[in-house]
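Proteins come first, then strands; the chains are lettered A, B, ... in the order of their sequence lines, and each starts at number 1. What you see below is based on every heavy atom in this structure, not just the backbone, and it leaves out hydrogens, waters and symmetry mates. Values in this document were obtained by computation on a predicted structure and should not be read as measured data.
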Protein chains: 2
Amino acid sequence: MDYINLLKNNDLKVTPQRLIIVKELDTKGHMSIDDLYIALHSAFPSISLATIYKNINVMINKLFIQEVKIPNEKSVYELAKEEHAHALCVKCNAIMDMNLDVSKFIRKAETLSNYSLSKSSVIFSGICPTCQMS
Amino acid sequence: MDYINLLKNNDLKVTPQRLIIVKELDTKGHMSIDDLYIALHSAFPSISLATIYKNINVMINKLFIQEVKIPNEKSVYELAKEEHAHALCVKCNAIMDMNLDVSKFIRKAETLSNYSLSKSSVIFSGICPTCQMS
DNA sequence: ATAATAAGGGAAAATTATTATCCTTAAATA
DNA sequence: TATTTAAGGATAATAATTTTCCCTTATTAT
Ligand SMILES: [Mn+2]
Ligand SMILES: [Mn+2]
Ligand SMILES: [Zn+2]
Ligand SMILES: [Zn+2]
């Protein structure tokens, strides 16, 4: 992925900090503000939390990253993609995308509720494969 | 429902404040701390927010009420019941229980993710029937 | 009815998360 | 390369929520 053009196309100046933020989100996905702060700290020991916040906000406004709200946890962020469900490991906090066809659930929920539904937040929690072994 | 015995069986002293809290949760369901504060204020003009917080916490610990975390909103509480999905109206904030068979989704999600999944948070949002008309 | 204990009320304090400020530094454009 | 403007860093301020404290009152068990 071309991180430089991702920023340029969204009228954002290309800074080393921003490049690392989008690279981290692209390769690791599902990172919280604090995760990002820790991750960026090795490359930028002087990075400020304010920089993380400011950039997360601007990137959300530009619509190329999105927030994932998780019960009991701080929100995590990921590059924008189609609506999807998440599996969360309660032991190691790993989060996995799942291509459940959410639209099918929504259709069923509309019938049941008589609501006109357009968005979903679907999060399953349990134990990931790695933690199951240990 | 016998609110008095619900409290007694959980080793909680039966106070008028607690009776109203459980009655409100039973009849209205899905109330936030502030909802409860407002609702109790008519019966107890001197009610303290601390009383609401202390009781919600103790009731959650006793496992007979549970928190429902909703993206972008303050948590709401309901009497403990089987796992179920929710429909949320973004206009009037109405929340509806849905007896979607969540276990079926969980089974599918386990296959997809290889996680061992036990809990779910499923919230759809849109417009409720009432708000669709207006 | 009494005594022991838990709960309520009011306010302060603590917590936590996010944003604003101010100055310095760096990126973009010509 | 000079100029303009946005972004970064450090810290303070803000805001919102939740908890704690301390005293009074009410509930429970005897
Ligand atoms: Mn995701
Ligand atoms: Mn419910
Ligand atoms: Zn795990
Ligand atoms: Zn509505």
Side-chain angles (χ1 to χ4, degrees), chain A residues 2-25 31-62 64-77, chain B residues 2-25 31-62 64-77:
Chain A
D2 183 348
Y3 304 127
I4 292 179
N5 278 312
L6 178 60
L7 294 172
K8 281 190 179 166
N9 294 340
N10 284 281
D11 302 311
L12 296 181
K13 283 189 179 174
V14 179
T15 67
Q17 292 88 343
R18 283 178 174 165
L19 284 173
I20 298 199
I21 288 174
V22 293
K23 176 169 160 256
E24 287 288 316
L25 291 178
M31 301 186 80
S32 69
I33 296 286
D34 294 337
D35 293 338
L36 282 166
Y37 183 65
I38 291 165
L40 269 72
H41 205 264
S42 56
F44 295 94
S46 70
I47 189 107
S48 168
L49 249 188
T51 300
I52 313 278
Y53 274 107
K54 283 185 277 194
N55 278 306
I56 289 296
N57 287 336
V58 77
M59 290 175 188
I60 286 177
N61 287 333
K62 297 292 189 176
F64 71 89
I65 74 171
Q66 61 198 7
E67 187 174 4
V68 180
K69 301 214 173 199
I70 297 181
N72 302 308
E73 312 261 341
K74 290 191 71 177
S75 287
V76 295
Y77 303 87
Chain B
D2 184 348
Y3 304 128
I4 291 178
N5 277 311
L6 178 61
L7 294 172
K8 281 189 178 165
N9 294 340
N10 284 280
D11 303 310
L12 296 181
K13 285 189 179 175
V14 179
T15 67
Q17 291 87 343
R18 282 177 175 165
L19 283 172
I20 298 200
I21 289 174
V22 293
K23 177 170 160 254
E24 287 288 316
L25 291 179
M31 302 185 79
S32 69
I33 297 286
D34 294 337
D35 294 337
L36 282 166
Y37 184 65
I38 291 166
L40 269 72
H41 204 263
S42 56
F44 295 95
S46 69
I47 189 108
S48 168
L49 249 187
T51 300
I52 313 277
Y53 275 107
K54 282 184 279 195
N55 277 307
I56 289 297
N57 286 335
V58 76
M59 290 174 187
I60 287 176
N61 287 333
K62 297 292 190 176
F64 70 89
I65 73 171
Q66 59 198 7
E67 188 174 3
V68 180
K69 301 215 172 199
I70 298 181
N72 303 309
E73 312 261 340
K74 291 191 69 176
S75 286
V76 295
Y77 304 87

- Message: Taking 4.0 Å as the cut-off, does a side-chain nitrogen or oxygen of A:Q17 come that near to OP1 or OP2 on D:dG9?
- Response: yes

- Note on the structure: Whole-Å distance, B:L36 CG to C:dG9 C1', equals 17 Å

- Query: Picking from C:dA7, C:dG9, D:dT27, which would you name as closest to the side chain of B:S46?
  - Reply: C:dG9

- Task: Ignoring hydrogens and angles, answer whether the base of C:dT5 and the side-chain atoms of B:K13 contain a donor-acceptor pair closer than 3.5 Å.
- Result: yes

- Query: Expressed in angstrom and rounded to an integer, what is the separation of A:N10 atom CG from C:dA27 atom C1'?
  - Reply: 17 Å

- Rounding to 0.5 Å, atoms OH (B:Y77) and CG (B:N57) come to a distance of 7.0 Å

- Query: What integer distance in Å separates B:H41:NE2 from C:dG8:P?
  - Reply: 16 Å

- Message: What's A:P16 touching, base or sugar-phosphate or nothing? Going by heavy atoms closer than 4.0 Å.
- Response: sugar-phosphate

- Using a cut-off of 6.0 Å, state whether more than 12 heavy atoms not belonging to B:I4 lie near its atom CD1. no

- Are B:Y3 and B:I20 close enough, and set up right, to give a side-chain contact (heavy atoms from CB on, under 4.5 Å), and what steps lead you there? CA-CA 9 Å; B:Y3 304 128; B:I20 298 200; over 6 Å; no

- Note on the structure: For D:dT30, the nucleotide meeting Watson-Crick or G-U wobble distances (both under 3.5 Å) is C:dA1

- Judged by nearest nucleotide, the residue sitting upstream toward the 5' end of DNA chain C, B:P45 or B:L12, is B:L12

- Side chain A:D35, main chain A:S32, donor-acceptor under 3.5 Å: yes

- Task: Would you mind reading off the distance between B:F44 atom CZ and C:dA7 atom P, rounded to a whole angstrom?
- Result: 15 Å

- Note on the structure: CG (B:L49) and CD1 (B:I33) are apart, to the nearest 0.5 Å, by 7.5 Å

- Message: We want to know whether A:S75 and A:E67 form a side-chain donor-acceptor pair, criterion being a heavy-atom distance below 3.5 angstrom.
- Response: yes

- Measure the distance from CG on A:N9 to C1' on C:dA28 and round it to the nearest whole Å. 16 Å

- Query: Counting side-chain heavy atoms from C-beta on, which of D:dT20, D:dG8, D:dA7 comes nearest to B:K54?
  - Reply: D:dT20

- Query: Among A:L36, A:V76, A:V68, which residue meets the side-chain contact (heavy atoms from CB on, under 4.5 Å) test with A:M31?
  - Reply: A:L36

- Report the distance from atom OH of A:Y37 to atom P of C:dT18, rounded to the nearest whole Å. 15 Å

- Message: Counting only side-chain heavy atoms from C-beta out, which of C:dG9, D:dG9, D:dA7 sits nearest to B:T51?
- Response: C:dG9

- What integer distance in Å separates A:L7:CG from D:dG8:P? 10 Å

- Note on the structure: B:R18 has its side chain closest, among C:dA7, C:dA28, D:dG8, to C:dA7

Between the protein and nucleotides 11-18 of chain D, which nitrogen or oxygen pairs come in under 3.5 angstrom?
residue, atom, partner, partner atom, Å
D:dT18, OP2, B:Y53, OH, 2.4

- Query: When the distance from CG of A:D11 to P of C:dA27 is rounded to whole Å, what number comes out?
  - Reply: 18 Å

- Item | Distance in Å, A:I65 CD1 paired with A:L25 CG, rounded so as to fall on 0.5 Å steps | 5.5 Å

- Query: Under 4.0 Å between a side-chain N/O of A:T15 and OP1 or OP2 of D:dA6, yes or no?
  - Reply: no

